[in-house]
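The structure appears below as structure tokens.
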Amino acid sequence: MSTTTRSDGRTYDQLRDIMIVYEGLDGVDGSARFGFGQTQSLTSVSGPMEVRPNLEQPSQATLDISVRPLVGIAGTDSKALSTNLKAILAPALFLSHHPRTLIQIVGQALCGTESGSGLGSVGKGWNATLVASLINATSAALVNASSVPMKGVICAVSVGRFPSASAATLVLDPSEAELPHLVGGGCFAFLFSSALPLTPSSPDELPPCSLLWTNYTSSVVYDDTELRQAQALAEEGARKVWAAMKESVSNMERTAQCPAFNRFKSAKTESRVKKDTKNLSESEVDDDKMEI
Amino acid sequence: MAAATTSLSASTSAEDALRAQTFQRLHPKAYLERFLEENIRPDGRELDEWRDVSVHMGSISTADGSALVRLGDTTVVCGVKAEITEPELDSPEEGFIVPNLDLPAICSPKFKPGPPTEEAQVMSDRLNDVLVTAGVVSPSSLCIQPGKAAWVLYIDATCINYDGNAFDATLLAMVAALRNTRLPRARFDEETGRTVCSRKVQEPLQIGRLPIAMTFGIFDGMHVLSDPTSFEEPLLDTVMSVTMDDDGGLVSVTQVGLGVIGKQDILPQCITAAKYRCSILAQQLHTSS
């Protein structure tokens, strides 16, 4: 692998700073914002809840996923992404535990590349890194909601390929600035679950993981060796994402920003929250509650 | 059924067929499992066998290029129409392609009349990705006058019979139709500001790589089925699609679902099988006309 540093000083296998915030949105059961540096997505999860009769399924919950880009109306590529997200989540959730219900997931991109006219433009709205951040935000939102039983957590990263004369130059988590120079790339989503069989390469403190979804495409010819390298690189990155997600779960209550969320907490956690907001007086906290 | 119980003679093959069809409708998964236990599929193929493919080009005279592809029973018709337009502002020296797949109600009872279904939209998006990334038609070859005029190719595919694996069939049809396309020679007239096309001289498109897709499915976490039919498709846990060009180089690999059987990763095995299949299909594409 090339050891040259990238435009922002990262090595080829270094992710940008991962940011996970549990937004505590009002009208939904769980929500989370996930970002690789500036590339961020916000996802909300509601369910299991009442389902319209035409969507009802007798033996499992219905997944209704909609995905919105930052700019413009959702086009064919957003529709395709929500279909892919449904296919990614179906094996990871225990949908048969809640038949005849609806699990509604809404994903929103919080950053977008410049959009073309829609004709002759490939992936201009949804690049691989944004897709990865959306998948991770969905996983975090499902953990935040804690209402849908999950087989495991899905962590995704993107891999990009720079043009080079000899072997492929693969980089993890390409940033917006690097995207125009790539000749290929894709997103890899892994399922981390203790239900999966252990592999010799999995480290002890993490559950075993398996590739769940990928869309690796390149305009330059590549072979399966490169695909394997890309997958291995992505697996390492996904492990780091999993570790970041695990750490964020222990901070979940503290990062919740909505005061109404705090209102229903137990006294013990309320005192912890009050300690954190020690700069705010009691009346100010009450005013925030009133606004809702 | 009452006739079978009252008569002492052996039941006729027609009644057996009806019973088998009823079982297939009511318990599709068990039906497929029974077949796979004997290492055969309901349509008589081996697990790694592909259906016969036939490609006919140039059947639609009103289109600039056309192709008809039959992949087993799945039939896709594709036509290419070229129009002249102004290039996009951020790429003034390039034309572009607009591929689209339509899955109308005529091809299968799964699709109802009305706006394009989710399946058609998703497949159109995937086809767009593959065709543009593989560079089947170089966008700069579609330019007539930088900033003023360029060709836009509307590649419209319609499925007239759906028996599974429409993606493979449609990609083959689109690539064949593009190979068959002939555009009139165009010249931009500076004085009038209009493009003039020759009635007599027609030139074929500058074709780059020819991507060919091969789709596999994993059933029940145990069996790998290549080229699934419309009966097998909804029963698959995982679908893997390998797109290669005619030289055997990979263009795109998509996997939806867990891709392991036991502890073994299936993707490398699929890529090897796809390479072999691709060489056969590429030969067929080159020899058909």
Side-chain angles (χ1 to χ4, degrees), chain A residues 75-88 90-92 114-124 126 151-152 183-191 193 195-200 208-228 230-231, chain B residues 85 87-91 94-98 100 116 118-126 128-135 139 142 150 152-154 208-209 237-245 247-260 262-263 265 267-268 270-272 275:
Chain A
T76 327
D77 53 350
S78 300
K79 199 69 203 286
L81 182 54
S82 32
T83 308
N84 282 325
L85 203 52
K86 199 191 262 195
I88 293 171
E114 74 285 359
S115 55
S117 64
L119 299 177
S121 55
V122 174
K124 280 207 179 164
W126 290 97
K151 275 184 204 147
V183 290
C187 178
F188 290 82
F190 294 86
L191 175 66
S193 168
L196 293 169
L198 279 169
T199 57
C209 73
S210 179
L211 180 65
L212 189 57
W213 181 77
T214 179
N215 65 347
Y216 192 78
T217 310
S218 168
S219 57
V220 175
V221 155
Y222 67 100
D223 57 3
D224 42 353
T225 325
E226 183 184 320
L227 182 64
R228 263 198 295 271
Q231 189 175 331
Chain B
T85 181
E88 284 187 45
L89 286 174
D90 51 0
S91 35
E94 294 180 353
F96 44 92
I97 61 170
V98 183
N100 187 47
E118 194 180 286
E119 197 154 345
Q121 287 190 47
V122 168
M123 260 193 245
S124 295
D125 189 63
R126 278 179 67 195
N128 186 26
D129 268 347
V130 170
L131 286 173
V132 171
T133 321
L142 295 174
V152 53
L153 298 177
Y154 291 100
R209 301 160 75 191
D237 311 314
T238 305
V239 177
M240 291 185 192
S241 207
V242 178
T243 312
M244 294 178 142
D245 65 8
D247 289 326
L250 288 171
V251 172
S252 163
V253 173
T254 55
Q255 175 185 327
V256 183
L258 289 170
V260 286
K263 293 196 180 184
D265 198 6
L267 200 49
C270 290
I271 293 178
T272 320
K275 236 180 244 184

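Proteins get letters first, then strands, A, B, ... in listed order; numbering begins at 1 in each.
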* To do: Against chain B, label Leu81(A) side chain, backbone, both or neither, depending on which of its atoms sit under 4.5 Å from a heavy atom there.
  => neither

* To do: With side chain to side chain contact (heavy atoms under 4.5 Å, CB included) as the test, would you mind laying out the steps for Glu94(B) and Glu88(B) before giving the verdict?
  => CA-CA 8 Å; Glu94(B) 294 180 353; Glu88(B) 284 187 45; over 6 Å; no

* Is a donor on one side and an acceptor on the other found under 3.5 Å between the side chain of Gln255(B) and the backbone of Leu267(B)? -> no

* Segment of Asp237(B) engaging chain A (4.5 angstrom heavy-atom cut-off) -> neither

* Asked: In terms of heavy-atom pairs under 4.5 Å, which option from Asp125(B), Thr254(B), Val239(B), Leu250(B) contacts chain A the most?
  -> Leu250(B)

* salt bridge (charged side-chain N to carboxylate O under 4.0 Å, His left out) against Asp245(B), all qualifying residues, sequence neighbours excluded -> Arg209(B)

* Check Val122(B) against Ala80(A) and note the closest heavy-atom contact, atom names and distance. => CG2-CA, 3.7 Å

* To do: Go through the steps to decide whether Thr76(A) and Asn128(B) satisfy the test side chain to side chain contact (heavy atoms under 4.5 Å, CB included), and finish with yes or no.
  => CA-CA 10 Å; Thr76(A) 327; Asn128(B) 186 26; over 6 Å; no

* Asked: Between Asp224(A), Val220(A), Leu211(A), which has the largest tally of heavy atom pairs under 4.5 Å with chain B?
  -> Leu211(A)

* To do: Fit a plane to each ring of Tyr216(A) and Tyr222(A), take the angle between them on a 0 to 90° scale, and name the class: parallel (under 30°), tilted (30 to 60°) or perpendicular (over 60°).
  => perpendicular

* Structure fact -> Counting heavy-atom pairs under 4.5 Å with chain B, the top scorer among Thr214(A), Leu227(A), Val183(A) is Thr214(A)

* Contact class of Leu212(A) relative to chain B, heavy atoms under 4.5 angstrom -> both

* Structure fact -> Pair count under 4.5 Å, heavy atoms only, with chain A: among Val253(B), Thr272(B), Ile271(B), highest is Val253(B)

